[in-house]
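Just so it is clear: chains get the letters A, B, ... in the order the sequence lines come, proteins before strands, and each one is counted from 1.
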Amino acid sequence: MKSSSRRFSEFFIPTLKEVPAEAEIISHQVMLRTGMIRKLAAGIYSYLPYGLMALKKVEDIVREEMNRAGAIELLLPSVQPGELWMESGRWNYYGPELLRFRDRHNRESCLGPTHEEVITDIVRREIHSYKQLPITLYQIQTKFRDEIRPRFGIMRAREFIMKDAYSFDIDEQGCNRSYENMYRAYEAIFRRCGLRFRAVEADTGPIGGSFSHEFMVLSDTGEDEIVSCQRCSYASNLEKAEVVEQGEKSSVSEEERVFQVVDTPEVRTIEELTSFLSIGPENVVKTLIYQTESEPIALLVRGDHSLNETKAKNALNAEELTMADPDTVLEVTGAPMGFAGAMGLKVKVLADLSLKGMKNMVMGANEEDRHVLNVNEGRDFRVDQYADLRMITPEDPCPRCGGSLQFGKGIEVGHVFKLGAKYSNALKANFLNEHGHETPVIMGCYGIGIGRTVAAAIEQCHDENGIIFPISISPFEVIILPLELHESRVREVADQLYGQLSDNGLSVFLDDRDERPGYKFKDADLLGTPVRITVSTRTLRKESVEIKLRSSPELNLIPLLEAATVIRKTVQSLYDSLK
RNA sequence: CGGGGCGUGGCGCAGUCUGGUAGCGCACCUGCUUUGGGAGCAGGGAGUCGGAGGUUCAAAUCCUCUCGCCCCGACCA
């Protein structure tokens with residue numbers, strides 16, 4: 001008998017009737033109610049048996065697809081020496097998210113939030129020749145990131161399980177192939193998990209690297225905003241989405257009018273300004289004073305646009321970018337916040353492309369309670385550099401094909417990066433190429449949040465009664481509910497079916513608790529097992545059992561003699577639908 | 001870290017303003033009845049009221065400090 005089959009009475013699934021107050025989103029609520037997880041501390045969870053089973057289902061799919069793609073599994077330590085992080089330069093860069101401590105010998109250590117350093121260390125020690133490349137290594141392991149604010153249960157925990165893979169190639173072309181290969185494996189993985197997802201272009205963040213895609217599960221509870229093209233396959237994280245400036249703006253051909261200062265008492269925001277002056281926000285230049293790690297700078301965007309800090313950071317090549325505090329604003333502009341303008345600024349000025357050539361704009365006068373009208377670049381202020389600095393809007397066209405864009409939310413469950421030689425250079429992971437030259441290995445890295453994938457699946461597949469598991473990640477494939485345990489025939493048939501299906505390799509959950517029918521139905525719905533079999537005196541009167549899919553309200557009777565076969569086929573067809 | 005909120009049997013909450021025997025629903029245990037959508041009756045067990053200090057004849061309740069958790073923001077796979 002397959003060991004994954006279980007009897008409720010001999011298993012441990014502590015279900016909850018009421019929703020714990022701490023849970024906000026559906027997946028968190030339902031994972032607590034089904035007894036999948038329990039919280040130990042903020043962002044730290046115990047996985048109870050039912051939750052662990054779901055995690056393992058996802059892990060198994062990930063392993064199969066990674067192995068199929070030629071990746072090789074290993075397991076790296078979670079405690080890592082600080083030394084290695086100092087060598088890569090991330091000891092200082094990573095910040096408080098990296099949980100650091102000293103061991104008894106007073107050696108700096110940390111809990112691994114990711115494993116580029118460790119894996120690169122292995123490769124630098126063991127790989128010396130192009131003949132050993134390419135290679136892709138992966139692990140499924142617990143990570144720790146000391147998040148400022150963990151939330152949504154397992155969705156954004158401090159301790160979490162992640163599959164991380166790292167590819168090593170002799171050159172860029174090879175790395176691109178490895179990247180492609182992983183990208184395709186990811187598509188296969190999430191498809192098999194029964195998820196509606198989209199791969200989007202993304203910023204690389206602190207992991208670094210040259211380009212990257214995020215795999216987003218489409219869900220309104222997602223924390224990331226994504227845009228996708230309705231016509232072509234373009235999809236992107238909102239913060240990464242390029243804006244293509246199209247055509248000439250109406251005001252570009254205008255005559256430059258006479259510069260004019262106006263009194264605007266207590267008018268600070270764009271809304272206040274546009275209603276005070278009765279103009280449209282597109283005629284206003286927003287002057288934002290920011291602070292990088294080295295200097296204050298001014299960023300200009302149009303009044304109806306918002307600044308994309310990621311783009312600004314990249315355009316400036318800055319490591320840090322934060323809104324300047326009121327004192328800095330006063331120092332740079334000579335005015336309190338709300339009246340900043342670009343005229344006469346000593347700091348570097350970057351402007352969004354949409355402002356290029358715009359005439360007779362309105363901006364702050366760098367003087368309290370004053371704005372200026374008819375401001376023109378060149379004549380009245382200077383721009384050091386034009387760049388794509390703003391957030392894309394629903395009015396903007398697709399940067400690839402010009403089609404219209406759709407905005408939505410997503411949960412990031414996977415991320416693939418092309419790292420290039422960032423870590424191999426820092427850690428001197430070199431090999432000898434076929435010409436005998438020492439060359440850095442070219443790396444890629446690829447993560448999947450295992451727990452987050454389970455949570456995202458629940459977020460996407462549920463109804464008011466509980467989970468509707470895609471069969472591929474459901475802890476059990478079939479749940480059997482014998483309704484009247486005191487009836488020996490009911491119990492016998494249920495037991496027999498349980499044994500028979502289990503022997504056939506199905507994972508079956510037998511609810512053999514002496515509970516009333518309603519209670520069992522509710523729990524079965526909560527747990528979300530795809531196929532439900534009910535055995536009762538009523539069904540046995542017709543020498544049948546009842547079959548119902550969790551995903552459909554339809555009830556059907558199947559004759560006892562055919563039951564096992566029909567159930568097997570039903571399960572199989574559910575798997576087939578995920579291919 | 002800034003703003004807001006909450007800590008009272010396992011879970012969900014009332015009681016705190018106005019100090020005076022610690023309560024309700026669910027869950028749990030025993031018995032009987034009940035059995036197709038979270039049963040009924042009867043009986044029962046279970047709480048340092050987050051912690052420390054203080055005020056008071058008397059503190060869940062008032063004061064001070066502290067810890068934990070949740071939400072919003074900044075941050076982030």
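At a cut-off of 3.5 angstrom, counting only N and O atoms as typed in the model, there is no donor on one side facing an acceptor on the other between the side-chain of A:Arg149 and the base of B:C76. The base of B:G37 has none of its N or O atoms less than 3.5 Å from a complementary donor or acceptor on the side chain of A:Asn465. Remark: the A:Arg513 side chain and the B:G38 base include no donor-acceptor N/O pair separated by less than 3.5 Å. Residue A:Arg151 places no side-chain atom within donor-acceptor reach of the base of B:G73, judged by atom type and a 3.5 Å distance cut-off alone. Applying the 3.5 Å distance criterion, the base of B:G36 shares no donor-acceptor pair with the side chain of A:Thr534. Between the base of B:G36 and the side chain of A:Glu546 there is a donor-acceptor pair shorter than 3.5 Å.
Taking the side chain of A:Glu24 as heavy atoms from C-beta on, and the options B:U35, B:G38, B:C71, the nearest nucleotide is B:C71. The side chain of A:His415 lies closest to B:A77 when the candidates are B:C69, B:A77, B:U35. For A:Pro20, the listed nucleotide lying nearest its side chain is B:G12; candidates were B:G12, B:C75, B:G37. Proximity note for A:Ala21 (side chain, C-beta onward) versus B:G12, B:U35, B:G37: the nearest is B:G12. Distances from the side chain of A:Leu526 to the nucleotides B:C72, B:G38, B:G37 place B:G38 closest. Side-chain proximity of A:Arg33 to the nucleotides B:G38, B:G36, B:G37 is greatest for B:G38. Taking every side-chain heavy atom of A:Glu97 into account, B:C76 is the closest of B:G38, B:C69, B:C76.
Spacing of C1' atoms, B:A27 relative to B:G9, comes out at 11 Å, to the nearest Å. Straight-line distance between the P atoms of B:C17 and B:G12: roughly 24 Å, to the nearest whole Å. Between B:G10 and B:U66, the two C1' atoms lie 27 Å apart (nearest whole Å). For the C1' atom pair drawn from B:A22 and B:G54, the interatomic distance equals 23 Å after rounding to whole Å. A distance of about 31 Å separates the P atoms of B:C69 and B:C24, rounded to the whole Å. Going from the C1' atom of B:G25 to that of B:A39 covers 16 Å, rounded to whole Å. Nucleotides B:G7 and B:G15, compared at atom P, are 10 Å apart to the nearest Å. If you take atom C1' in B:U48 and the same atom in B:G53, they sit 16 Å apart, rounded to whole Å.
Spacing between atom CD of A:Glu223 and atom P of B:C76 amounts to 13 Å, rounded to whole angstrom units. One interatomic measurement links the two molecules: CG of A:Leu540 to C1' of B:G36, which rounds to 13 Å at whole-angstrom precision. Here B:G2 presents its C1' atom at 12 Å from CD1 of A:Ile148, a figure rounded to the nearest Å. At whole-Å resolution of the value, CG in A:Leu485 and C1' in B:G36 are 14 Å apart. The interatomic distance linking A:Arg516 (CZ) with B:C26 (P) rounds to 14 Å, in whole Å. Whole-Å rounding puts the A:Lys17 NZ to B:G38 P distance at 9 Å. When rounded to the nearest whole Å, the span between CD of A:Glu147 and P of B:C75 equals 13 Å. As rounded to whole Å, 21 Å separates atom C1' of B:A77 from atom NZ of A:Lys418.
Pairing partner, B:U61: none, since no Watson-Crick or wobble contact has both distances short of 3.5 Å. Base pairing of B:U34 is not made with any nucleotide, judged by Watson-Crick or G-U wobble geometry with both donor-acceptor distances under 3.5 Å. Nucleotide B:U55: unpaired (no Watson-Crick or G-U wobble partner with both distances less than 3.5 Å). When Watson-Crick and G-U wobble pairs are counted only if both distances are under 3.5 Å, B:C28 pairs with B:G44. Base pairing annotation: B:U21 forms no Watson-Crick or G-U wobble pair, as no partner gives both donor-acceptor distances under 3.5 Å. In this entry B:G73 has B:C1 as its Watson-Crick or G-U wobble partner, both defining distances falling under 3.5 Å. With both pairing distances under 3.5 Å, B:G68 is matched to B:C6 as a Watson-Crick or G-U wobble pair.
With the nearest nucleotide of RNA chain B identified for both A:Val413 and A:Glu18, A:Glu18 has the one nearer the 5' end. Each of A:Ala41 and A:Lys522 has a nearest nucleotide on RNA chain B; the 5'-most of these lies closest to A:Lys522.
The pair A:Arg145-A:Glu159 does not count as a salt bridge, with every side-chain nitrogen at least 4.0 angstrom from each carboxylate oxygen. Comment: A:Glu10 does not engage A:Arg6 in a salt bridge, judged by the lack of any side-chain N to carboxylate O separation of less than 4.0 angstrom.
Counting heavy atoms of neighbouring residues, nucleotides and ligands inside a 6.0 Å radius, atom NZ of A:Lys548 exceeds 12 of them.
Not one side-chain nitrogen or oxygen of A:Arg538 sits closer than 4.0 Å to the OP1 or OP2 atom of B:G36. A close approach under 4.0 Å does not occur between any side-chain nitrogen or oxygen of A:Lys548 and OP1 or OP2 of B:G36.
Inspection of the A:Glu65 and A:Asn67 side chains reveals no N or O donor paired with an N or O acceptor under 3.5 Å. For the 3.5 Å distance criterion, the side chains of A:Glu546 and A:Thr539 fail to qualify, holding no donor opposite an acceptor. Between the side chains of A:Asp164 and A:Gln139, at least one donor-acceptor pair of N or O atoms lies under 3.5 Å.
Cation-pi check for A:Arg100 over A:Trp91 is met; the charged atom lies under 6.0 angstrom from the ring centroid and within 45 degrees of its normal.
Residue-level contact check: A:Lys520 touches neither bases nor backbone, having no heavy atom under 4.0 Å from any strand. Counting non-hydrogen atoms under 4.0 angstrom, A:Glu487 reaches nothing in the nucleic acid. Among the heavy atoms of the strands lying under 4.0 Å from A:Asp523 is at least one base atom, whether or not backbone atoms are also near. No engagement by A:Thr537 is indicated, since no non-hydrogen atom pair under 4.0 Å with the nucleic acid exists. At the heavy-atom level, A:Gly447 lies nowhere under 4.0 Å from the strands shown.
Stacking between A:Tyr519 and B:A39 is absent: the aromatic ring centre is not both under 5.5 angstrom from the base six-membered ring centre and within 30 degrees in plane angle.
In this structure, A:Phe417 has its ring center under 6.0 Å from that of A:His415.
For the pair A:Ala457 and A:Ile473, the tightest heavy-atom approach, listed with the atom from each and the gap, is CB-CD1, 3.4 Å.
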